[in-house]
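All heavy atoms count here, side chains included; hydrogens, waters and symmetry mates do not.
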Protein chains: 2
Amino acid sequence: MLSTQPVSHEAGRQRQGRLWSNLKEVCDLLHLPPISINSEELLFQHVQFKTGQRVHTIGQPFDMLYVVNSGFLKTVLIDEFGNEQVLAFPMKGDLMGVDGIHNKTYSSEAVALSDCDLVLLPFKKLTTLGRTHVELENMMYGVMSRELVREQAMIGMLGALSAEARVARFLVTLSDRFSQMGYSSKLFNLRMTRHEIGSYLGLTLETVSRTLSAFNEIGLISVDQRTIGIKDVDALKSLRRLPPSRTRSKLPARAKAAAAEAQVPLLATL
Amino acid sequence: MLSTQPVSHEAGRQRQGRLWSNLKEVCDLLHLPPISINSEELLFQHVQFKTGQRVHTIGQPFDMLYVVNSGFLKTVLIDEFGNEQVLAFPMKGDLMGVDGIHNKTYSSEAVALSDCDLVLLPFKKLTTLGRTHVELENMMYGVMSRELVREQAMIGMLGALSAEARVARFLVTLSDRFSQMGYSSKLFNLRMTRHEIGSYLGLTLETVSRTLSAFNEIGLISVDQRTIGIKDVDALKSLRRLPPSRTRSKLPARAKAAAAEAQVPLLATL
DNA sequence: CGAACCATTGACGGGGCTCAAATTGTGTGG
DNA sequence: CCACACAATTTGAGCCCCGTCAATGGTTCG
């Protein structure tokens with residue numbers, strides 16, 4: 001039902017019956033300092049996608065980047081057996097399509113999980129413009145680097161955290177994102193299935209479901225189908241565990257602040 | 001010992017007592033089409049690092065990209081407990097430092113696993129130059145996008161493959177890389193410890209060790225400490241398994257070629 | 001209103017982590 | 001060059017987390 005999703009598109013204006021955004025609005029969306037560019041007339045077109053529609057598919061010729069203005073999506077890899085591997089859940093302010101630059105074809109698939117409004121960024125246009133506007137060029141590099149850092153963090157999580165910790169982090173991250181977007185950080189609806197969450201976190205859907213139920217029972221959250229209430233953010237944030245432990249480096253003087261106080265004793269002890 | 005490591009540096013020339021490379025040589029190193037740029041005099045300095053030395057550390061101000069000309073390294077994340085998470089094992093032709101563009105500080109640490117020779121690419125110089133040379137700019141975007149795609153594949157692996165499959169893939173990838181570099185693809189030395197491999201693959205060092213021993217026993221490889229002999233590449237390549245299975249998408253008509261013939265029945269059945 | 005799809009929960013087993021010890025390799029100082 | 005300390009690797013035993021299989025009920029949508 002998407003009841004909590006706003007229909008208003010702050011960024012964007014009508015023109016020729018469609019929505020368009022100027023560069024400043026795109027920068028705002030990406031959480032980047034606005035670029036003082038003379039060409040105020042530079043506009044980017046929006047496109048709408050309905051739930052279930054594909055924004056781009058694997059192998060499709062690349063020519064566009066996309067910025068999410070509203071709505072929720074998933075990006076997935078498809079392996080040789082047809083299995084989906086969820087890579088991310090892009091939402092407002094996220095950039096999509098960067099993986100297509102290399103090879104000139106998209107290497108992932110983007111699917112709308114709800115009705116979406118996306119800003120189209122023709123890549124050629126962007127680079128051409130960047131050549132004369134240093135700030136734009138820096139923005140491009142910055143955004144791509146940010147994506148890379150994000151993925152590195154993801155690798156770190158998949159490589160080092162337990163199922164409980166992954167789910168907890170997932171919830172905290174979602175909460176933060178919703179908060180950024182002006183929604184409640186304490187109560188929100190998941191736009192994806194347990195299956196998709198599991199794929200994203202490297203877990204099965206049953207483990208995701210069980211972990212959510214466990215969090216619910218000990219009062220960290222409330223769960224009702226796709227409605228999640230965050231009850232104890234701090235507990236969720238500090239919930240860790242190190243299955244591949246003994247992975248400690250021998251340079252203890254490194255942790256910026258061994259300020260990691262006593263951790264929640266994890267669920268098993270309850 | 002590094003007995004199999006060549007001391008020669010194909011790319012690079014002496015000048016002022018140091019090694020320098022021009023743009024064409026850098027492109028070759030990165031496996032990119034050579035850029036026909038007029039400034040033949042454009043040279044990039046090399047720097048040498050000894051085993052154990054850090055190329056850059058987390059938080060250090062960013063201003064350089066690095067291309068590996070020879071030697072082996074690891075890039076790592078450090079979590080709040082001081083634990084290392086290995087992100088990659090850069091070797092000849094790999095680019096390092098891209099994660100530093102965003103935030104102007106490196107978000108990972110690069111450590112030399114052997115004596116190394118790196119080409120320094122001052123980022124400012126690169127972008128400035130890219131503004132007047134479209135090809136160079138495209139190269140920059142392309143390389144960054146390639147890194148991103150690589151990390152996406154890594155996420156897919158960590159999220160979907162069993163321990164055996166991860167180790168098998170790791171070996172095949174290494175074999176390919178060594179082959180590319182002109183070494184034997186059938187016999188090579190690991191430059192990293194079991195611990196580092198485990199961190200990279202999201203496993204414990206014991207699991208890595210046991211898996212290698214198991215591969216050895218069934219004749220897929222030979223193992224003697226850090227010397228690996230590849231006996232049956234095809235078996236290693238086709239060795240998969242899908243712990244988070246049932247992850248099959250409901251659109252079976254997708255797999256580009258259900259050409260996935262019968263797989264090796266995995267170790268457990270032997 | 002029925003047919004998918006989705007979520008929850010239980011039972012069970014095994015893959016991989018933990019703890020432990022023995023062996024071998026590696027680096028450093030005398 | 002050798003001896004010693006330490007790091008790396010291997011291997012075993014045990015167990016627990018989480019994947020697998022299965023059944024039920026709820027939700028959605030044509």
Separation of atom [atom1] in [X] from atom [atom2] in [N], rounded to whole Å:
| X | N | atom1 | atom2 | value |
| --- | --- | --- | --- | --- |
| L205(B) | dA7(D) | CG | C1' | 11 Å |
| Q225(A) | dA7(C) | CD | C1' | 6 Å |
| L113(A) | dC5(C) | CG | P | 16 Å |
| L201(B) | dC17(C) | CG | C1' | 15 Å |
| D224(B) | dT24(C) | CG | P | 12 Å |
| R194(B) | dT24(C) | CZ | P | 16 Å |
| L203(B) | dC17(D) | CG | P | 18 Å |
| L190(B) | dG25(C) | CG | C1' | 15 Å |

Do V67(B) and L118(B) come close enough that some side-chain heavy atom pair is under 4.5 Å?
no
Checking [X] now: which residues fulfil side chain to side chain contact (heavy atoms under 4.5 Å, CB included) with it, not counting sequence neighbours?
| X | answer |
| --- | --- |
| D232(B) | L220(B), D234(B), A235(B) |
| L120(B) | V47(B), M64(B), Y66(B) |
| A168(A) | F215(A), L236(A), L239(A) |
| V111(A) | R54(A), K74(A), E109(A) |

Taking only residues two or more places apart in sequence, or in another chain, which ones meet R226(A) in a side-chain hydrogen bond (donor to acceptor under 3.5 Å, both in side chains)?
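Residues passing side-chain hydrogen bond (donor to acceptor under 3.5 Å, both in side chains) with R226(A): none at all.
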Take D94(B) and R150(B) through the salt bridge (Lys or Arg N to Asp or Glu O under 4.0 Å) test and state the conclusion after the steps.
CA-CA 11 Å; D94(B) 284 328; R150(B) 213 180 273 186; 3.0 Å; yes
Five-pair end axes of the helix from dC1(C)-dG30(D) to dG30(C)-dC1(D), angle between them (10°)
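One end axis against the other gives 60°.
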Tell me what V208(A) touches on the nucleic acid: a base, only sugar-phosphate, or nothing, going by heavy atoms under 4.0 Å.
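The answer is nothing, as V208(A) stays clear of every strand by at least 4.0 Å.
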5'-most by nearest nucleotide on DNA chain D - M192(B) or T207(A):
M192(B)
Any side-chain N or O of T193(A) under 4.0 Å from OP1/OP2 of dC6(C)?
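T193(A) to dC6(C) OP1/OP2: no side-chain N or O under 4.0 Å.
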Check the phosphate of dT10(D) against S213(B), side-chain N and O only, distance under 4.0 Å to OP1 or OP2. Yes or no?
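No, outside the criterion.
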Under 3.5 Å between N/O atoms: give me all the protein pairs with nucleotides 10-13 of chain C, atom names plus distance.
| unit_1 | atom_1 | unit_2 | atom_2 | d |
| --- | --- | --- | --- | --- |
| dG10(C) | N7 | R210(A) | NH1 | 2.8 |
| dG10(C) | O6 | R210(A) | NH2 | 3.3 |
| dA11(C) | N6 | R210(A) | NH2 | 3.4 |

Taking only residues at least two apart or on different chains, which pairs with a member in residues 153-182 of chain B satisfy ring pair (Phe, Tyr, Trp, His ring centres under 6.0 Å)?
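Sorted result for residues 153-182 of chain B: F72(B)-F178(B), F170(B)-Y200(B), F178(B)-Y183(B), F178(B)-F188(B).
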With the side chain defined as heavy atoms from C-beta on, T204(B) is closest, among dC17(C), dT11(D), dT10(D), to dC17(C)
F49(B): what forms a ring pair (Phe, Tyr, Trp, His ring centres under 6.0 Å) with it, not counting sequence neighbours?
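By the ring pair (Phe, Tyr, Trp, His ring centres under 6.0 Å) rule, F49(B) matches no residue at all.
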